[in-house]
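First comes the structure, then the notes that go with it.
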2 protein chains.
Amino acid sequence: MGPLDTYLPYLLNRAGARIATAFSEEVRPLGATLQIWRVLAALREQDGRRMGDLSNTTSIEVSTLTRLVDNMEQKGLVARRRDAEDARAVLLHITSAGRRLAQRILPIAERYEAVALAGFNASEAETLKAALRRLYANMDGLKGS
Amino acid sequence: MGPLDTYLPYLLNRAGARIATAFSEEVRPLGATLQIWRVLAALREQDGRRMGDLSNTTSIEVSTLTRLVDNMEQKGLVARRRDAEDARAVLLHITSAGRRLAQRILPIAERYEAVALAGFNASEAETLKAALRRLYANMDGLKGS
DNA sequence: CGCATTTATTTGTAAATACAAATATAGGTT
DNA sequence: AACCTATATTTGTATTTACAAATAAATGCG
């Protein structure tokens with residue numbers, strides 16, 4: 001293998017880690033964490049999701065998610081409800097406190113998008129996003145097996 | 001903010017997480033972890049690095065790295081040596097066992113690069129990598145503050 | 001219907017991780 | 001040299017995380 005900085009997984013991790021660390025630091029004063037934000041953002045997009053669904057969209061392992069949700073529930077950010085149509089499933093709902101917190105995080109999130117993509121024109125940004133979607137899809141097969 | 005899958009940090013995390021999970025699973029039978037691989041790969045590229053340097057290149061927090069290195073040292077994969085020119089610093093060296101393990105992981109790593117970039121031509125792949133380097137550099141200011 | 005299998009979530013538990021404080025050495029100033 | 005500040009690493013400690021096992025409900029099948 002050539003130099004590390006020609007290796008895609010390395011570049012991906014490095015960029016992701018840097019954003020994650022900086023973002024985490026910024027939302028901490030709001031009493032939030034990156035993972036809390038991920039759950040809130042997912043619920044903001046579509047409320048009443050199953051744990052498994054949330055696990056997929058947030059890339060948080062289900063057993064980890066369970067305890068994160070315990071915590072968020074205690075903080076009053078979300079509420080669990082049993083799915084009436086399938087009693088195995090839990091549907092997670094965002095509360096108004098959850099929405100308020102998400103609303104406060106939103107500008108930070110938007111700023112991060114802007115800073116990360118500084119110097120990219122619209123087409124370059126879209127090319128990058130498309131590539132990341134493609135890459136994700138490419139890994140689909142190896143996902144968990 | 002629009003849909004989640006137009007949000008760059010989301011796409012980045014999602015892609016990175018998927019690669020990381022699958023890769024971890026594959027190297028586990030070899031007695032390795034993703035983090036162990038990161039350290040070995042960094043040392044393979046340049047041996048005798050300081051902890052802080054390694055922390056930067058691997059995106060592993062220094063205090064976490066210390067304990068990871070303890071573990072790797074016990075396994076005989078690396079060796080710590082005090083820097084003769086600055087006794088505060090520790091220089092980490094890969095051992096031959098470490099090299100052998102890295103050698104066994106290498107084909108897996110190369111396969112992941114290939115799978116991730118399946119369907120990308122050389123120019124698309126290079127564009128993506130350049131974008132990730134740029135993005136990383138963009139975050140430089142906010143790094144830790 | 002009763003039982004086996006699959007799916008959804010949670011719990012047990014050990015390991016990994018991060019933040020803050022502690023330790024150790026260096027370098028500069030007087 | 002004594003002292004102050006800066007840098008490098010480690011340690012204390014609480015939280016987060018992941019894997020495996022447990023629980024619970026649904027589905028299919030004899």
Between A:Ala84 and A:Asn71, just flag the one whose closest nucleotide in DNA chain D comes earlier from the 5' side.
-> A:Asn71
Does a side-chain heavy-atom distance below 4.5 Å link B:Val90 with B:Arg50?
-> no
Shortest side-chain distance from A:Thr64, nucleotide among C:dT25, D:dT9, D:dA18 = D:dA18
Exercise: do B:Glu26 and B:Tyr112 side chains pair donor with acceptor under 3.5 Å | yes
Name the closest nucleotide to the B:Arg88 side chain, picking from D:dT10, C:dT6, D:dT7.
-> D:dT7
Among the nucleotides C:dT10, D:dT9, D:dA25, which one has an atom lying closest to any side-chain atom of A:Asp86?
-> D:dA25
Side-chain atoms of A:Thr66 come closest, of C:dT9, D:dT9, C:dG12, to C:dT9
Taking CD from A:Glu25 and P from C:dA18, how many angstroms apart are they, rounded to a whole number?
-> 13 Å
Between A:Arg82 and A:Arg67, whichever has its closest DNA chain C nucleotide further toward 5' is A:Arg82
Does the side chain of A:Ile60 reach to within under 4.5 Å of the side chain of A:Leu54, using non-hydrogen atoms?
-> no
Starting at CD of B:Gln74 and ending at P of C:dA15, how long is that distance when rounded to a whole Å?
-> 12 Å
Within-4.5 Å side-chain heavy-atom neighbours: A:Phe23 and A:Ile105 | yes
What is the nucleic acid contact for A:Arg50, judged by heavy atoms within less than 4.0 Å: base, sugar-phosphate only, or nothing?
-> sugar-phosphate
Whole angstrom value for the distance that separates P of D:dT16 from CE of A:Met72 | 12 Å
When you measure from the side chain of A:Arg28, which nucleotide among C:dA20, C:dG12, D:dA8 comes out closest?
-> C:dA20
Side-chain touch B:Leu11/A:Leu128, heavy atoms, less than 4.5 angstrom = no
Shortest side-chain distance from A:Ser63, nucleotide among C:dA8, C:dT11, C:dC19 = C:dT11
To the nearest Å, how far apart are B:Ile60 CD1 and C:dC19 P?
-> 15 Å
Starting at CG of B:Asn56 and ending at P of D:dA8, how long is that distance when rounded to a whole Å?
-> 10 Å
Taking pairs as Watson-Crick (N1-N3 plus N6-O4 or O6-N4) or G-U wobble (N1-O2 and O6-N3), each distance under 3.5 Å, the stems of three or more consecutive pairs with DNA chain D are C:1-30 with D:1-30
Polar side chain donor-acceptor pair, B:Arg38 to B:Gln35, under 3.5 angstrom = yes
Residue B:Ala87, side-chain atoms from C-beta onward, closest of D:dA26, C:dA26, D:dA8 = C:dA26
Any ion pair linking B:Glu61 and B:Arg67 (charged N to carboxylate O, less than 4.0 Å)?
-> no
Send over the distance from B:Asp53 CG to D:dA8 C1', rounded to a whole Å.
-> 12 Å
Can you check the B:Leu68 CG to D:dT10 C1' distance for me, whole Å?
-> 14 Å
May I ask you to verify if any side-chain N or O of B:Arg80 is less than 4.0 angstrom from the OP1 or OP2 atom of D:dT10?
-> yes
Side-chain N or O of B:Gln35 closer than 4.0 Å to phosphate OP1/OP2 of C:dT17 | yes
Intermediate values then yes/no, side-chain hydrogen bond (donor to acceptor under 3.5 Å, both in side chains), A:Arg14 and B:Tyr136 = CA-CA 7 Å; A:Arg14 192 177 75 155; B:Tyr136 178 72; 4.8 Å; no
Interatomic distance, B:Ile36 CD1 vs C:dA16 C1' [rounded to whole Å] | 12 Å
